[in-house]
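Every chain is numbered from 1, with letters handed out A, B, ... down the list of sequences.
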There are 2 protein chains.
Amino acid sequence: MTKARSRVLAALDNAAEPLSAAGVMEAIGQSCDQATVYRALAYLEGAGLAESFVFHCDEHGTERYYVKAAAAHRHWFHCRTCHRFVDLGSCVLDSILAGYEKEYGIRVKGHALYLTGDCADCAAKAGGA
Amino acid sequence: MTKARSRVLAALDNAAEPLSAAGVMEAIGQSCDQATVYRALAYLEGAGLAESFVFHCDEHGTERYYVKAAAAHRHWFHCRTCHRFVDLGSCVLDSILAGYEKEYGIRVKGHALYLTGDCADCAAKAGGA
DNA sequence: CGTTTTTTGCAAGTCATTCGCATTTTTGAC
DNA sequence: GTCAAAAATGCGAATGACTTGCAAAAAACG
Ligand SMILES: [Mn+2]
Ligand SMILES: [Mn+2]
Ligand SMILES: [Zn+2]
Ligand SMILES: [Zn+2]
């Protein structure tokens, strides 16, 4: 584990939410080149120390986000107002996926679920109604 | 509805699965500029005649895909082998989303579910097991 | 240590998508 | 229909996220 790679892993570990490459750069204070950050993230994912997903937000565009690898597969909610991610806990789609496999004869090997809207804080601030 | 826009809409209508801008270009035989295709797709979506989602496939990269607007919200399965999309019918996530709203105090205004793996055909060809 | 292998920084390159702007098309009023 | 005003198109250049080639720097290892 090189210096750059451990700095990147530490950034993911300290973050409360998924980080994009740009977010990691910011977190480590530009202490290494962006190519190094991208390569470190790819390395960490390959080594099973991090996980990632591609997410599109109208305001932030499309980016790949990384989190430190966790025991269970999880999904995230993204707030359209404050742009924070909310951890939704471990995946609850197993039976739905099994249903699709049976219904369509497909073999589901991966999936992604993205929820967007307003987080509790932003919903409260926006409309008390 | 201009000539270019109706050609693009017709392409979406004839397609059995979501099309990327490049897919639309191919379908209409380069009969208009790519900037026009992108603008037409944005127009059609704004007019409620088409819907889109951003999807990432390791082999094809990240692209926005469009389908003709349908009555019900749907999701798609993408085959990692033949790269076709399989229509999974209308969304069955309502109760799960409602559960998340209650559990986390969030307000879910949009969501996307992507499944990947092998379609029935490819699964059959690959491993009879 | 000295050598071999891997990683890093920097610059240039990709790829999907967007933009500026001059040139058509379309639209609406007569 | 005719013509001016508004909107759409083509083309080339610009974006933004990400990747890559290559030479210099760092880690591995005997
Ligand atoms: Mn965002
Ligand atoms: Mn694909
Ligand atoms: Zn929020
Ligand atoms: Zn297939």
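Side chain to side chain, A/His56 and A/Asp58 meet the donor-acceptor criterion of an N or O pair below 3.5 Å.
Closest heavy-atom contact between A/Gly48 and A/Ala69: O-CB, 3.2 Å.
Five base pairs at each end of the helix from C/dC1-D/dG30 to C/dC30-D/dG1 define two local axes, and these are offset by 30° (rounded to 10°).
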Which pairs would a plain distance check flag for residues 110-124 of chain A, meaning a side-chain donor or acceptor within less than 3.5 Å of a matching protein atom at least two apart in sequence or in another chain?
unit_1   : atom_1 : unit_2   : atom_2 : d
A/His111 : NE2    : A/His73  : NE2    : 3.1
A/His111 : NE2    : A/His75  : NE2    : 3.1
A/Tyr114 : OH     : A/Val54  : O      : 2.7
A/Thr116 : OG1    : A/Arg80  : NE     : 3.4
A/Thr116 : OG1    : A/Arg80  : NH2    : 3.2
A/Thr116 : OG1    : B/Gly110 : O      : 3.3
A/Asp118 : OD1    : A/Thr81  : OG1    : 2.5
A/Asp118 : OD2    : B/Lys109 : NZ     : 2.9
A/Asp121 : OD2    : A/Arg84  : NH2    : 3.2

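Between A/Trp76 and A/Val86 the shortest side-chain heavy-atom distance does not fall below 4.5 Å. Residues B/Phe55 and B/Thr62 have side chains not in contact (no heavy-atom distance under 4.5 Å, counting atoms from C-beta outward). With a 4.5 Å cut-off on side-chain heavy atoms, B/His83 and B/Cys57 count as touching.
In this structure A/Tyr65 satisfies the ring-ring contact (aromatic ring centres under 6.0 Å, His included) test together with A/Phe53, A/Phe85, sequence neighbours excluded. For the salt bridge (Lys or Arg N to Asp or Glu O under 4.0 Å) test, residues two or more places apart in sequence or in another chain that qualify with A/Arg74 are A/Asp87. Every residue two or more places apart in sequence or in another chain was checked for a salt bridge (Lys or Arg N to Asp or Glu O under 4.0 Å) with A/Asp94, and none qualifies. B/Asp33 is linked by a salt bridge (Lys or Arg N to Asp or Glu O under 4.0 Å) to nothing, counting only residues two or more places apart in sequence or in another chain.
Within the nucleic acid shown, A/Ala22 has no heavy atom closer than 4.0 Å to any nucleic acid atom.
Scanning residues 23-42 of chain B for heavy-atom distances under 4.0 Å to DNA chain C yields B/Gln34, B/Ala35, B/Tyr38, B/Arg39. DNA chain C is contacted by B/Thr62, B/Glu63, B/Arg64 of residues 59-67 of chain B, taking any non-hydrogen atom closer than 4.0 Å.
Between the side chain of B/Ser6 and the main chain of B/Thr2, a donor-acceptor pair closer than 3.5 Å is present. Of the possible polar contacts, none joining the A/Glu51 side chain to the A/Glu45 backbone as a donor-acceptor pair under 3.5 Å is found.
The nucleotide range of DNA chain C contacted by chain B, defined by atoms under 4.0 angstrom from heavy atoms of the protein and reported 5' to 3', is C/dA16 to C/dG20. Contact footprint of chain B on DNA chain D: nucleotides with an atom under 4.0 Å from a non-hydrogen protein atom, first to last in 5' to 3' order, D/dA8 to D/dC11.
Sequence neighbours left out, the pairs with a member in residues 3-21 of chain A that pass salt bridge (charged side-chain N to carboxylate O under 4.0 Å, His left out) are A/Asp13-A/Lys68.
Hydrophobic cluster membership of A/Tyr66, counting Ile, Leu, Val, Met, Phe, Trp and Tyr whose side-chain heavy atoms lie under 4.5 Å apart directly or via other members: A/Met1, A/Val8, A/Leu9, A/Leu12, A/Leu19, A/Val24, A/Met25, A/Ile28, A/Val37, A/Leu41, A/Tyr43, A/Leu44, A/Leu49.
The distance from the CD atom of A/Glu63 to the OG atom of A/Ser52 is 12.5 Å, given to the nearest 0.5 Å.
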